[in-house]
2 protein chains.
Amino acid sequence: MNLPTASLPTLTTDIVPFAIRGERLEVLLARQAAGWGLPGGPIGVDEDLDAAARRQLVEQTGLSDVYLEQLYTFGRPDRDPARRMVAVAYFALIPIASGSTDAPAAGDAVRWAAVNEPPPLVLDHGEIVAVARRRLAAKLLYSTIALQLMPERFTLSELQAVHEIILGEPLDKRNFRKRVLALDRIEATGELARHGGRRPARLYRALRPGQVELIK
Amino acid sequence: MNLPTASLPTLTTDIVPFAIRGERLEVLLARQAAGWGLPGGPIGVDEDLDAAARRQLVEQTGLSDVYLEQLYTFGRPDRDPARRMVAVAYFALIPIASGSTDAPAAGDAVRWAAVNEPPPLVLDHGEIVAVARRRLAAKLLYSTIALQLMPERFTLSELQAVHEIILGEPLDKRNFRKRVLALDRIEATGELARHGGRRPARLYRALRPGQVELIK
DNA sequence: TTGTAATAGTGTTCAAATGACACTAATATA
DNA sequence: TATATTAGTGTCATTTGAACACTATTACAA
């Protein structure tokens, strides 16, 4: 097995796995020798970039079949003091755990952290999270990307809460519903969500679940 | 000097240098062994990604001090049949040559090509140009990026023509002027552009020339 | 010198989209 | 049966966007 030579930077991926948990936007971190950081690692010699990100996410967090999008490539020569590393960064969107367990896997090798009050992260991972967060917030406004954070069935109140959490500001309930229904990207299932102690809400589902489309 | 080993992909940049020439959007190509392709090449072991792109653009085309933005990282394992190459792609915006010469440099090592009817390019460079073109068109709508294609002083008709060429559709003259002036990112210099044979136009300049700002 | 060709410059009106705003409905539980 | 809690619904005013035509200024030709 060959080791990196001095003639080439090492190429890695770093993945920012986002999920809405409780009332916050959180990131899933992976334990590393130097502290907490983003999941990711070296890209195989003949491995596709997207495939590498997907593989590392599964290996390190157990998460599969999630939305994944290339974010930016970080390559400041001093971003890793030890050796030259260039990271192709991705972000992943993990649906809200609708039922059952929400711990993805891997005992104490991973942890969730709030994006707003993040713990110190290794290298420039804090910056990568910040860039990813900005991109996510921007895309909320002109795409259907928020649906990738939702479970298969969800209520309009839940969808609105997701928008409010990411944008960091309250939205008008009637205007939100008007807009989101006019887009014609979700449909009512006919079922009701019953939680207890209040009026049950209609459940909706995405018309084209896998796709992220530009809107307006 | 070390050569690439089998354990790491080779990291390169590819730059899509856009300019408005005549009535078309064009790209500057560099002659390569296998045909015409984008300027670019290997990134130095301790070289910053942006710096590498900038260096290669100067070396291969003579263009310096242009707007440069990271586009996307292309890494399909089969994109180069010879060896594994991962390319961090950039696009550059070159101001319309206001006066004097517009040939950037480097005799027959470079050539301009229309983006609409592009010649066959090496590897996946055709795809990279297409992605860059889409990004440029998208950014026209929500940023001041078009100003990076303008000379220091320009007329509103010229600015409108740039938009029309990139968007591929005619724009209403009065609405265009209303919008662009309301943004408050350019100012009249007080000078007039005189070309001959017609009414001279007012010259404008960017208020913050280097900056690309998000609008509306 | 006058006429012509060419481009610069300028407002209004209508339609559509956006944003603000408050009450009734349905359920679980005390 | 009363109460607490969340779901669900429409209108109006303002802002924004789109369509639209004529006059002004110059160079050059007749």
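Protein chains get the first letters and strands the later ones, always in sequence-line order, with residue 1 at the start of each.
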Tell me the closest heavy-atom pair linking B:P39 and B:P17, and the distance in Å.
CG-CG, 3.8 Å
Given D:dT26, C:dT7, C:dA28, the nucleotide with the shortest approach to the side chain of B:R194
D:dT26
Please give, in whole Å, the distance from C:dT18 P to A:R174 CZ?
17 Å
Check the distance between C:dT10's C1' and B:F176's CZ and give it to me in whole angstrom.
16 Å
Atom NZ of A:K173 and atom C1' of C:dC23 are separated, to the nearest Å, by 11 Å
Atom-pair distance (CD on A:E191; P on C:dA26), nearest Å:
20 Å
Is the closest side-chain donor-acceptor distance between B:T13 and B:Q56 under 3.5 Å?
yes
D:dG17 phosphate, OP1 or OP2: any side-chain N/O from B:K178 under 4.0 angstrom?
no
Under-3.5 Å donor-acceptor pair between A:R199 side chain and C:dA25 base
yes
Could you pull out the closest heavy-atom pair between A:N116 and A:P118, with the gap in Å?
O-CD, 3.1 Å
Provide, to the nearest angstrom, the distance between the OH atom belonging to B:Y142 and the C1' atom belonging to D:dG17.
21 Å
For B:L171 and D:dA19, what is the distance between atoms CG and C1' respectively, to the nearest whole Å?
14 Å
With nearest nucleotide decided by heavy atoms, which residue, A:P200 or A:N175, maps closer to the 5′ end of DNA chain D?
A:P200
Nearest whole Å is fine: how far is D:dT15 C1' from B:K216 NZ?
12 Å
B:R54 side chain to B:V66 main-chain N or O, any donor-acceptor pair under 3.5 Å?
yes
Using whole Å, report how far NE2 of B:H195 lies from C1' of D:dC28.
17 Å
Hey, does A:R177 reach any base, or is it just sugar-phosphate, or nothing, if we go heavy atoms under 4.0 Å?
base
Less than 3.5 Å apart, any donor N or O on the side chain of B:R177 or B:S157 sitting next to an acceptor on the other?
yes
Does D:dT6 have OP1 or OP2 under 4.0 Å away from a side-chain N or O of A:S157?
no
